[in-house]
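Whatever order the structure lists ligands and atoms in, that order sets their numbers, starting from 1.
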Amino acid sequence: MKQLLNYVNGRWVESHKTFEDVSPVDGSVVAIVHEAGRELVDEAIKAGHRALAGEWGRTTVAARVILLRRIADEMERRQEDFIAAEMADTGKPLSMASSIDIPRGIANFRTFADIISTAPLESHRLDLPDGSYALNYTTRKPLGVVGVISPWNLPLLLLTWKVAPALACGNAVVVKPSEETPATATLLAEVMEAAGVPAGAFNLVHGFGPNSAGESISNHPDISAITFTGESRTGSTIMRAAAEGVKPVSFELGGKNAALIFADCDFEQMLDGMMRALFLNSGQVCLCSERVYVERAIYDRFCNALVKRIKDMKVDWPHDPATEMGPLISAKHRDKVLTYFELARQEGATFLTGGGIPHFGDERDRGAWIEPTVISGLQDDARCVREEIFGPICHVSPFDSEREVIARANDTKYGLASTIWTSNLSRAHRVSEAMRVGISWVNTWFLRDLRTPFGGAGLSGVGREGGMHSLNFYSELTNVCVRVDSETEQ
Ligand code: NAD
């Protein structure tokens, strides 16, 4: 059986405590994972500080750019291994792992190599009344040892989204992937070793959250900052731990995202887009729409067309290139989603399609499969309309006016993303600006330019990452203020 070890201070470290990495396709064990105890996390953080005091701390931006590109090249060379590992852990379809997860993971290193190599630094001149002036300029230094805690839904993509800018800015990192998806992070550690990243600059520890490696990182007195993607509730726990040492945090959290579909949209384009927004990664993308508002004139047409498309959707073996949807991440998560199906019934929802688990008559019946599901008929205050479910389920409801739908879409404690479908240019701008979210898409969904700010309002996050926003989070900026005297008689 494959063993997934920790990587600390440039060494592979076993643990006497292990846990199983289980495939959600059929419930089989794909690897044994070595869980890091508190001492190993402590060793990783110490190794990070030693790296910063040594060779790694002296690397120039130019040298780090070369290193990031070497990491990307090495990942590309091992692309097939990464795809296989991501699919084994998550059961996500080949079409997705090979076109989104792994290429984006590689792109994160190339993008941040480009961004750091051209990143401007501020400078301001302040004229003073006596004719002298002050010249201010900003220097960028690493924050220190950054704790990176990531989720299971886009494992490599979301982890590298944080590791790449953190290393670009010269930090050391202690990375903890989700316990559900340890494989691609372990491959990334192999890549770091092969690319010649100095010992201690990149450390990987495996484990869970509470009473395990996640908690050991977030409440460690010597961690310099924490960057986290995951559930809002976990963010709140980590924030409490970080508050003790007043540590900087960057949080990308949950969502209950709205889709606003106007009758004047390009219907077929919208339907293609909405199938992705609802069911990509079995609905397990933080940006997926779970609340769908449709202008009344096309409401019935939309519901009928959506149900038809779902019936034609290929929910099948992940390795089949035509498969569009695989299982959920785990039996535990499926139980959670099924609880919401039950709750929807209690709340009086109508199921337009789905609502159960598919039966295949083979080993997949031991996996974590679930039916793509559409419900309707709930009030806006129903729990199924307010709480993040994180599965292939959405609630559809009609609306009558632009003002009404803006108010209903914004009536949430979350604020991650929205997607608006219309051919009216002014409405597109007006409505997207009115959305209280981090990203508002128009006639598209999940189209990402990595230079742009990414994050969420309300319960969906703290801060923004992406482009210069990432560099600013992962840097300690120092303003140097130099007084320049006015010319004096010689
Ligand atoms: P999660 O919060 O359960 O776990 C995320 C990570 O935090 C895991 O590595 C876990 O081990 C760790 N963790 C859990 N409890 C911890 C604790 N007390 N201290 C320290 N670490 C702890 O989230 P998940 O179930 O893995 O991911 C799904 C969630 O992530 C959804 O809510 C989804 O919306 C959100 N998400 C948000 C974004 C975004 O960019 N905003 C992206 C992807 C996923």
*Asks:* Which residues pass the salt bridge (Lys or Arg N to Asp or Glu O under 4.0 Å) test with Glu43, sequence neighbours left out?
*Replies:* Arg11
*Asks:* Between Glu179 and ligand 1, which residue portion shows a heavy-atom distance shorter than 4.0 Å: side chain, backbone, both, or neither?
*Replies:* side chain
*Asks:* Would you say the side-chain atoms of Thr184 and Glu86 include a donor-acceptor pair closer than 3.5 Å?
*Replies:* yes
*Asks:* Note the single closest protein heavy atom to atom 18 (N) of ligand 1, along with its residue, its atom name and the distance in Å.
*Replies:* Thr237 CG2, 3.7 Å
*Asks:* Are any side-chain N or O atoms of Glu388 and backbone N or O atoms of Gly254, one a donor and one an acceptor, separated by less than 3.5 Å?
*Replies:* no
*Asks:* At a 4.0 Å threshold, what atoms of ligand 1 neighbour a non-hydrogen atom of Ile238?
*Replies:* 19 (N), 20 (C), 21 (N)
*Asks:* I need the atoms of ligand 1 closer than 4.0 Å to a non-hydrogen atom of Leu416, numbered in the order shown.
*Replies:* 41 (N)
*Asks:* Residue-level breakdown please: for Glu180 versus ligand 1, do any non-hydrogen atoms fall below 4.0 Å on the side chain, on the backbone, on both, or on neither?
*Replies:* neither
*Asks:* Suppose we measure from atom 43 (C) of ligand 1 to each protein heavy atom; which comes out shortest, and what is that distance?
*Replies:* Asn153 ND2, 3.2 Å
*Asks:* Please list all pairs passing the side chain to side chain donor-acceptor pair (under 3.5 Å) test where one or both residues lie in residues 198-207, with sequence neighbours left out.
*Replies:* Thr186-His206
*Asks:* Only heavy atoms of Gly214, strictly under 4.0 Å: list the atoms of ligand 1 that pass.
*Replies:* 19 (N), 20 (C), 21 (N)
*Asks:* What atoms of ligand 1 come within less than 4.0 Å of a heavy atom belonging to Leu158?
*Replies:* 42 (C), 43 (C)
*Asks:* For the pair Asp114 and Arg69, find out whether any cationic side-chain nitrogen is under 4.0 Å from an anionic carboxylate oxygen.
*Replies:* yes
*Asks:* Centroid separation under 6.0 Å, is that true for the rings of Trp152 and Phe390?
*Replies:* yes
*Asks:* Among Gly438, Cys286, Pro155, Ser150, which one puts a heavy atom closest to atom 36 (N) of ligand 1?
*Replies:* Cys286
*Asks:* When you look for heavy atoms under 4.0 Å from ligand 1, do you find them on the side chain of Phe208, its backbone, both, or neither?
*Replies:* backbone
*Asks:* Can you tell me the protein heavy atom closest to atom 37 (C) of ligand 1 and the distance?
*Replies:* Leu253 O, 2.9 Å
*Asks:* Distance only, no hydrogens: is a donor on one side chain within 3.5 Å (strictly under) of an acceptor on the other, for Glu387 and Tyr340?
*Replies:* yes
*Asks:* What do we get for Leu154 next to ligand 1 when only non-hydrogen atoms under 4.0 Å count, side chain, backbone, both or neither?
*Replies:* neither
*Asks:* May I ask you to decide whether Glu476 forms a salt bridge with Arg140, counting only side-chain N to carboxylate O separations under 4.0 Å?
*Replies:* no
*Asks:* Ring-plane angle category for Phe228 and Phe251, please: parallel below 30°, perpendicular beyond 60°, tilted otherwise.
*Replies:* perpendicular
*Asks:* Against heavy atoms of Glu252, which atoms of ligand 1 measure under 4.0 Å?
*Replies:* 37 (C), 38 (C), 39 (C), 40 (O), 41 (N)
*Asks:* Has ligand 1 got any nitrogen or oxygen that is less than 3.5 angstrom from a nitrogen or oxygen of Ser232?
*Replies:* no
*Asks:* Of the protein's non-hydrogen atoms, which lies at the shortest distance from atom 15 (N) of ligand 1, and what is that distance?
*Replies:* Thr234 CG2, 3.2 Å
*Asks:* For ligand 1, which atoms sit closer than 4.0 Å to a heavy atom of Phe228?
*Replies:* 2 (O), 5 (C), 6 (C), 7 (O)
*Asks:* State whether Asp101 and Lys92 are salt-bridged, where the test is any N-O pair (Lys NZ or Arg NE/NH1/NH2 against Asp/Glu carboxylate O) under 4.0 Å.
*Replies:* yes
*Asks:* Do Phe399 and Tyr293 have ring centres separated by under 6.0 Å?
*Replies:* no
*Asks:* Starting from atom 28 (C) of ligand 1, what is the nearest protein heavy atom, named by residue and atom, and what distance separates them?
*Replies:* Phe390 CE2, 3.6 Å
*Asks:* Check if Pro210 has a non-hydrogen atom at a distance under 4.0 Å from any atom of ligand 1.
*Replies:* yes
*Asks:* If you have a sec, work out which protein heavy atom is nearest atom 32 (O) of ligand 1 and how many Å separate them, to one decimal?
*Replies:* Glu388 OE1, 2.6 Å
*Asks:* Between Lys256 and Glu290, is the closest basic N to carboxylate O distance under 4.0 Å?
*Replies:* yes
*Asks:* At a 4.0 Å threshold, what atoms of ligand 1 neighbour a non-hydrogen atom of Gly209?
*Replies:* 11 (O), 13 (N), 14 (C), 15 (N), 16 (C), 17 (C), 21 (N), 22 (C)
*Asks:* Where on Ile149 is there a heavy atom closer than 4.0 Å to ligand 1, on the side chain, on the backbone, on both, or on neither?
*Replies:* side chain
*Asks:* With heavy atoms under 4.0 Å as the rule, classify the contact between Val285 and ligand 1 as side chain, backbone, both or neither.
*Replies:* neither
*Asks:* Just let me know how Pro177 lines up against ligand 1, side chain, backbone, both or neither, with a heavy-atom cut-off below 4.0 Å.
*Replies:* backbone
*Asks:* Any idea which protein heavy atom is nearest atom 24 (P) of ligand 1, and the distance to it?
*Replies:* Trp152 NE1, 3.3 Å
*Asks:* Tell me whether ligand 1 is touched by Phe454 - counting only heavy atoms on the residue side and a distance under 4.0 Å.
*Replies:* yes
*Asks:* Can you tell me how the ring of Phe19 sits relative to the ring of Phe208, calling it parallel under 30°, perpendicular over 60° and tilted otherwise?
*Replies:* tilted
*Asks:* Do side-chain atoms of Glu347 reach the backbone of Cys384 as a donor and acceptor pair under 3.5 angstrom?
*Replies:* yes
*Asks:* Could you check whether any side-chain N or O of Arg464 sits under 3.5 Å from a backbone N or O of Ser250, counting only pairs where one atom can act as donor and the other as acceptor?
*Replies:* no
*Asks:* Please report which non-hydrogen protein atom sits nearest to atom 23 (O) of ligand 1, along with the residue it belongs to and the distance in Å to one decimal place.
*Replies:* Glu231 N, 3.4 Å
*Asks:* Looking only at heavy atoms of Gly461, does any of them come nearer than 4.0 Å to an atom of ligand 1?
*Replies:* no
*Asks:* What is the ring orientation for Phe341 with Phe351, classed by angle as parallel under 30°, tilted 30 to 60°, or perpendicular over 60°?
*Replies:* perpendicular
*Asks:* Could any protein non-hydrogen atom be found less than 4.0 Å from atom 4 (O) of ligand 1?
*Replies:* no
